[in-house]
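Here the structure comes first, spelled out in structure tokens, and everything after it is commentary.
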Amino acid sequence: MRNVKCLLLILSLFLPLIQTFGQAATSRDAASKRAADLLAKMTLEEKIGQLNQLFFLSQLMKPEMMEPDIREGRVGSLLFVTDPVLINRFQKVAVEQSRLKIPLLFGFDVIHGFRTVFPVPLAMASSWDPAMVERAQTIAAREARAAGVRWTFAPMVDIARDPRWGRIVEGAGEDPYLGAKMSAAQVRGFQGSDPSAPGRLLACVKHFAGYGAADGGRDYDSAHLSDAELYNVYLPPFKAAVDAGVGTVMSAYMNLNDVPATGNVFLLGQVLRKEWGFKGFVVSDANSVGDLVTHGFAADKADAALRALTAGVDMEMSLPGTAVGGAYADNLAKLVKEGRVTTAQIDNAVRRILEVKLKLGLFDNPYVDESATASHHNNPEHRQIARVAAQRSAVLLRNEGNLLPLTKGDPKVSSIAVIGPLADSKRDMRGPWTLADDLKTAITVVEGMREKVGPGVKVNYAQGVDIGRAYPSIFAIFAGPRPAPWSELQKREEFEKALALARSSDLVVLVLGEHEEMSGEAASHSTIDLPGRQRELLEAVSALGKPTVLVLINGRPVDISWAVNRVPAILEAWHPGSEGGNAIADLIYGDATPGGKLPVTWPRSSGQIPIYYARHLTQKPESAKDFTSRYWDMPTSPLYPFGYGLSYTTFAYSNLRVSKAEAKVGESVEVLVDVENTGRKAGEEVAQLYIHQRAGSASRPMRELKGFERIALAPGEKKTVRLTIGRAELTYWSSAVKGWVQEPATFDVWAGGDSTATLTTTFRIVR
Ligand code: NOJ
């Protein structure tokens, strides 16, 4: 009887789970059945239409240009339409005027916000706070969905170890472990447990894979990665997205080990479908199918279509009217007729797309409620969360003599000079991929400071220098062109004006960095130098000897080696989003305490690139006497290590211990460490755990992040952080074995506040 009761209890506990699985399986079955029924009715042309995704750029195109193709069933998806009225207009043509009434799927790059702009993804990763990242993407999804967008081309999870590459700003930085956590959090934020639910979006993890390893940091350039680097470093964030249930994957532009990613059978067939069992659909990047010809890989556009489809690209994203666009639309029918592509191949791709459309509920609810859109936009609650996100993403790099936080009402400060080309630029608070926000609502540093100090303190602004790209950005078509560069006379006058302002003020906040178009796509920079004459401005202002706070607004680490011993306070704010200026003022005045940590290693100069913490040991480390791998002019250590960031208080780590000194292969080890707030202010610390496998079939990086937790501590408070090292953390892809292994070995463990942590212990894994 007791046993029966137990069984019933267990059953009742698991019943909801079984029901959820049951429902999911039923809706999957129903979707497959409806997709199969529909497929049976479709002509070849209609099927190919479903594989065709087109840009609609309202800046360049008229809706009338697009409607005939939609009516004829030649388009399955549109991207870049964000006006709900236009979305409904196009959707009406698809579901009321096309033969089979298949709804369109509207996609857009909702990368770090929609109306409300959150900090750029590199900044969000600096928060080391997956729950916050998930919440931000939930809001981004809600706002985009309210406009009728159903699919976001995010998360972008490319590992980047070269800050010259402009797209470093779009990802979570250099580390696969942190990257995987951020990736899964974003998928959860966008999709929830069901992407069809109100306020949710279908997510698309991109760019599969290796895009961040572009030669020389030049966007779109080739990547050469060993299988070990791919499996251990570049793929884990993608795998995390797939495990979190991401619905779609975008193939990358570039050439990976001589085979362009969009025609790469190993990536799309072997890894994604076979090894990971991915069931959703794959979309190409813009024109990347046709570009298989440009790569010198496919003979012509027909060959490109054949090879992309065969590799596993289900939908082609293309810009109509371009030489490389429309490879599927123009060639697949002919390829089928010639017997080079089978109907089954086409059907498989169409089925996957139809199943996603069905699961999104598009057939039942194709339209967006235009009257409700506005109520979801510029919502004060969303703004508040964006402000907190910007506070939590900032990284305090230096705070000599505890200059920060400033004290409100300090009688010594009655005037503040806010100086620099990023100090009062709404546009640059946002960062790349902010194409649907309301620019005038972004808060600059000048505005945030004025609001914070109130009328009693004068906050004056001078730009000082102008900055610009030598080659303009393609994205200027969205935000408009930048003002023309200053004349020589204007340059001299503006510089002097800024110096005069600094001289006559009690305190200086210098806001330097990069324009929003200086990072992002097609925004590689040959160096990490501060653009324009910003370094000169920095030196001249610093020479005045005023208390100076340097705030950085940027999308990649920049060369601040001159400042790090001279400017007392340096706050990395990245492109912090709509509420950036308020969040920065909160941090400067201590209404928020910085707790972010760098998700990238910060180089001393461009010459150190690529630089990342998880390097392998060399036989001649920097400490060796004569033959050393050090450069002869500078150390190999970075300016700031991965994981670094200060607070307004201090933390001490102690009592690092493991639950057992020895464990069997497959078993877990608990690592515990005590973290104490040893200062006088409350603060948050990201406790980090690194390991190193001392010997194995292949040599392992000298340190690898394998756990972290952001914790809040009151002054004097001590907490124990407990992190688990299990099979997942100890398994790696070995080049020697050519497969996944978990090996018996001794492991070093470090715990601390960055990747140079010194508190250490060991455990052993045995057979
Ligand atoms: C090209 C970019 O590489 C990709 O990230 C983006 O999603 C598409 N264009 C669509 O905008």
Side-chain angles (χ1 to χ4, degrees), residues 52-61 76-82 105-114 120-122 137 140 144 149-160 165-172 183 186-187 190 201-214 218-221 223 237-238 241 246-256 260-262 281-292 294-295 308 313 315-320 322 324-326 431-436 473-479 517 519-524 555:
N52 188 24
Q53 181 190 49
L54 295 177
F55 276 89
F56 180 82
L57 299 173
S58 50
Q59 293 80 356
L60 311 172
M61 302 168 176
S77 172
L78 288 178
L79 76 156
F80 266 57
V81 195
T82 55
L105 175 56
F106 290 92
F108 189 60
D109 292 278
V110 185
I111 307 295
H112 54 111
F114 187 76
V120 288
L122 189 64
Q137 297 301 34
V149 172
R150 300 300 304 263
W151 181 21
T152 174
F153 305 115
M156 188 284 210
V157 304
D158 293 306
I159 296 292
W165 189 54
R167 302 197 81 169
I168 190 172
V169 66
E170 292 178 51
S183 169
Q186 293 189 72
V187 172
F190 289 128
L201 295 178
L202 174 69
C204 179
V205 68
K206 70 187 187 185
H207 308 81
F208 198 61
Y211 186 28
R218 291 176 297 270
D219 206 1
Y220 316 117
D221 213 331
F238 287 94
V246 75
T248 63
V249 172
M250 186 185 292
S251 69
Y253 275 131
M254 83 308 151
N255 189 346
L256 174 70
T262 295
F281 75 81
V282 175
V283 63
S284 76
D285 202 341
N287 289 342
S288 70
V289 176
D291 271 327
L292 293 180
T294 326
H295 273 290
V313 175
M315 182 183 274
E316 180 192 14
M317 177 193 291
S318 73
L319 190 59
T322 50
V324 278
W433 291 121
T434 46
L435 310 172
S473 164
I474 179 76
F475 290 95
I477 60 167
F478 300 104
E517 297 97 9
S519 65
E521 187 177 351
S524 297

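In each ligand, atom 1 is the first atom listed, and ligand 1 is the first ligand listed. As the structure is a prediction and not an experimental result, all values here were calculated from the model.
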query: What do we get for Arg167 next to ligand 1 when only non-hydrogen atoms under 4.0 Å count, side chain, backbone, both or neither?
result: side chain
statement: One finds that the ligand 1 atoms under 4.0 Å from a non-hydrogen atom of Phe153 are 7 (O)
message: List ligand 1 atoms under 4.0 Å from Leu79, heavy atoms only on the residue side.
response: 10 (C)
- line: Looking only at heavy atoms, the pair that brings Leu105 and Ser77 closest together is O-OG, 2.6 Å
Heavy atom of the protein closest to atom 1 (C) of ligand 1 (residue, atom name, distance): Asp285 OD1, 2.9 Å
- request: Specify the protein heavy atom at minimum distance from atom 5 (O) of ligand 1: its residue, its atom name, and the distance to 0.1 Å.
  value: His207 NE2, 2.6 Å
- prompt: What do we get for Met317 next to ligand 1 when only non-hydrogen atoms under 4.0 Å count, side chain, backbone, both or neither?
  reply: side chain
Set of residues satisfying side-chain contact (heavy atoms from CB on, under 4.5 Å) with respect to Leu435, sequence neighbours excluded: Phe80, Phe108, Trp433, Phe478
statement: Within 4.0 Å of some non-hydrogen atom of Lys206, the atoms of ligand 1 are 4 (C), 5 (O), 6 (C), 7 (O)
message: How close do Arg167 and Met156 get, counting heavy atoms only, and between which atoms?
response: O-CE, 3.4 Å
For Tyr253, the option from Pro260, Ser284, Ser288 that meets side-chain contact (heavy atoms from CB on, under 4.5 Å): Ser288
message: Quick check on contacts: which atoms of ligand 1 are under 4.0 angstrom from a heavy atom of Phe80?
response: 11 (O)
task: Identify, with sequence neighbours excluded, every residue that meets side-chain contact (heavy atoms from CB on, under 4.5 Å) alongside Val169.
output: Val120, Pro432, Ser519
- request: Between Trp433 and ligand 1, find which residue part has any heavy-atom pair under 4.0 Å and reply side chain, backbone, both or neither.
  value: side chain
Audit row: Val149, Phe114, side-chain contact (heavy atoms from CB on, under 4.5 Å) steps and yes/no: CA-CA 10 Å; Val149 172; Phe114 187 76; 4.3 Å; yes
query: Among protein heavy atoms, which lies nearest atom 6 (C) of ligand 1, and at what distance?
result: Asp109 OD1, 3.2 Å
